[in-house]
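Taking it in order: structure first as structure tokens, then the write-up.
Computed from a predicted structure; not experimentally measured. Indexing begins at 1, ligand by ligand and atom by atom, following the structure's order.
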Amino acid sequence: LKRAKSTVTNVIKSKSADIIVPNQLIHEYVWEHLDNWYDKTAVMCFDTGKRYTFQQIYHKSWSLAAVLRQKFQLQVGDTVAVILPNVPDFPVAFLGAIQAGLVVTTVNPFYKPDEMAVQLGDSGSQLIFTSRELLPFVNKATNKLRKRVPTVLAETKPADSLPADCVRLDELCDTSNSNNKDKLDDLLMSPDDVALLPYSSGTTGLSKGVQLTHRNVVSNLYQMSSPDFVVNRKTEGGFQDVIPVFLPLFHIYGMVGIFLNFFAQGCNLIMVSNFVGSQFVKLMQSYHPTLLFAVPPIIVVILNNPRIRSDDLKSIRTIISAAAPLGASAVEEFNNKCQEKIDLLQMYGMTETSPLTLMQTPRLNNGTKIGGSGFLIPNTEAKIISIDGDSTGLEAYRSGELVVRGPQVMKGYHNNAKATREAMLGDWLRTGDVCYYDKHQHFFITDRLKELIKVKGFQVAPAELEEILKSHAAIQDAAVVGIPHPVHGEVPKAFVVLRGDNNVRPDQVKQFVASKVANYKRLVGGVVVVGSIPRNSAGKILRNELKHL
Ligand code: 4UU
């Protein structure tokens, strides 16, 4: 009886002491220590060399904030979209909007117009920040929505003529309109207001706007730099960590995990807009980065590219891998190649948790267990619940679904109370990931229950590809699953049922999908014609059966 009682909850609390998170807005956190590094380089463009100091971004973003409110008549709580690659103007647009009290939805700049239109429409974006190169795609997207949306262009190269309906970001950031910040100070903004609206498909269905409040994000930033988990060194006495940012800023990893986190701590960010593996050596040799943030496929590139020697990595102290599982064998190979001089740490999180939840750290006992996903960060609790739906917490070493609770858990999904209800068990968030923990409270993510497919760390929602497939005249029914891929982690594979006696070749189906989606969503795993799609009595696709076909 005693034993049964002790298993009733099994709530696991972080081993690290709780931290106190002040009542701050994101930009208050970001600018708190500006005086310590105002004249240092904050961001620099890998392609063009364009750079801004912290002070320049401070003035530009506050000027922009004032203009957004005055000239564009945007109100606190309105949503604006940032559709930009990793360029030095990304922080200007992003922080300017946040400082004006607006909600920022970041859109993948590699999206096709149809994909952009879905997010612009669902989020109700009232202004768009983009670049001249992306403008034709953005215009197609807004035409599709039959909506004229004011567009602000961050220019990557000097150009004389300005397309209709556009204004230049540089003009809006004219810092000679000084005291703009003071005009905004009376804004009624609360840490519980939504600040960010990144998109995620969560455990099922199409992409949804994830409402992250200032408090969610500021909490996670404090959690990331808490004593047991901090990875950067203090910027002082001439020391400044150098961090290349080749993971996209539209995704929560780049946006919060890298940009906001290290910008606020005075690090130097090297913006890489279109990363290819062959640039890696140049990046190392030109900038001598001290910290590197990667996804598993990039670790694989570092391991397998003979042009990358361990000597090229010698400036690096720590490499982080997140957004998809990093296999134990890759960690072992990495440790051999780098003679364990570099800490390779795994982080685990999701858009819905702002994003960090688990992280490896050499500072807790039995630190970086190979293949492990890390420890709970401060102020965070977890339970492992059985997969058949009983929400009682399981004991150590027993696998089940990971559910988490903490100040970084999202407010909910935008305009989708049903999806929010399904994602939450009270104040616990269901991650949709299979996990167990050991006696040291090291967590191991071992599988995924949810539909989500992760290609190079990017989200691919099967439901989205299934909708596209079913819009093809010759296809009656469709199902998409993720299958393992040696480099990308996973890739989507489709099963289709043809309509009547239609005949369509798999390569035509692949091409049809490729014309409508960003490259990483392509059906690289293949297309198989089947007689029917297996479903349960409730109509849910039995994806596991398909995975094993
Ligand atoms: C196995 O991928 C992310 C966020 C990653 C992240 C984490 C901590 C970035 C920075 C940081 O500090 O978010 P999403 O929403 O795109 O995808 C979330 C899903 C998870 O539910 C899980 O299935 O991505 C998978 N995932 C991982 N799986 C994320 N990290 C890991 C991991 N191991 N380390």
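- With salt bridges taken as basic N to acidic carboxylate O contacts below 4.0 Å, one links E115 and K521.
- Between E352 and V409, the closest side-chain pair of non-hydrogen atoms is not below 4.5 Å.
- If you number the atoms of ligand 1 from 1 as listed, the ones under 4.0 Å from a heavy atom of Q459 come out as 14 (P), 15 (O), 16 (O), 17 (O).
- The proximity of D433 to ligand 1, defined as any non-hydrogen pair under 4.0 Å, is limited to the side chain.
- Scanning all protein heavy atoms for the shortest distance to atom 11 (C) of ligand 1 gives M347 CE, 3.3 Å.
- Among D122, T106, T351, the one residue that satisfies the side-chain hydrogen bond (donor to acceptor under 3.5 Å, both in side chains) test with Y199 is D122.
- Annotation: Q346 places an N or O atom under 3.5 Å from an N or O atom of ligand 1; distance criterion only.
- Given atom 25 (C) of ligand 1, the protein heavy atom at minimum distance is A323 O, 3.9 Å.
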- [ ] Begin with the C-alpha distance, continue with both residues' side-chain angles, and end with the deciding distance and a verdict on ring pair (Phe, Tyr, Trp, His ring centres under 6.0 Å) for Y111 and F137.
- [x] CA-CA 9 Å; Y111 268 178; F137 303 96; over 10 Å; no

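- The heavy atom nearest to atom 28 (N) of ligand 1, out of those in S200, P325, S354, G374, is found in P325.
- By the criterion of a heavy-atom distance under 4.0 Å, the side chain of K450, and not its backbone, is placed next to ligand 1.
- Within the 4.5 Å cutoff, side-chain heavy atoms of M350 are placed close to those of T431.
- Atom 15 (O) of ligand 1 has T351 OG1, 2.6 Å as its closest protein atom, hydrogens excluded (heavy atom only).
- Ring planes of Y520 and F458: parallel class, angle under 30° (limits at 30 and 60°).
- K454 NZ, 3.2 Å is the protein heavy atom nearest to atom 24 (O) of ligand 1.
- Ligand 1 lies less than 4.0 angstrom from a heavy atom belonging to A324.
- Among all protein heavy atoms, the one lying closest to atom 4 (C) of ligand 1 is G349 O, 3.5 Å.
- Atom numbering of ligand 1 starts at 1 in the shown order; those under 4.0 Å from a heavy atom of M224 are 12 (O).
- Judged as a ring pair (Phe, Tyr, Trp, His ring centres under 6.0 Å), and not counting sequence neighbours, F229 has no contacts.
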Let me have the donor-acceptor pairs involving side chains of residues 82-96, under 3.5 Å, with sequence neighbours excluded, atom names and distances please.
residue, atom, partner, partner atom, Å
N86, OD1, L249, N, 3.0
N86, ND2, V245, O, 3.0
N86, ND2, L247, O, 2.9
D89, OD1, Y52, OH, 2.8
D89, OD2, K50, NZ, 3.2

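- Taking the ring axis of Y436 as reference, the NZ or CZ atom of R398 does not stay both within 45° of it and closer than 6.0 Å to the ring centre.
- In this structure, S373 does not count as a contact residue of ligand 1, since none of its heavy atoms falls inside 4.0 Å of the ligand.
- Taking 4.0 Å as the cut-off between side-chain N and carboxylate O, R215 and D193 do not count as a salt-bridged pair.
- Considering only non-hydrogen protein atoms, atom 8 (C) of ligand 1 sits nearest to L356 CD1, 3.5 Å.
- Looking at M350 against ligand 1, both its backbone and its side chain come within 4.0 Å, counting heavy atoms.
- For the ligand labelled ligand 1, residue H251 lies inside the 4.0 Å heavy-atom shell.
- Of all heavy-atom pairs spanning M224 and L356, the tightest one is CG-CD2, 3.7 Å.
- Below 4.0 Å from some heavy atom of R448 lie the following atoms of ligand 1, by number and element: 23 (O).
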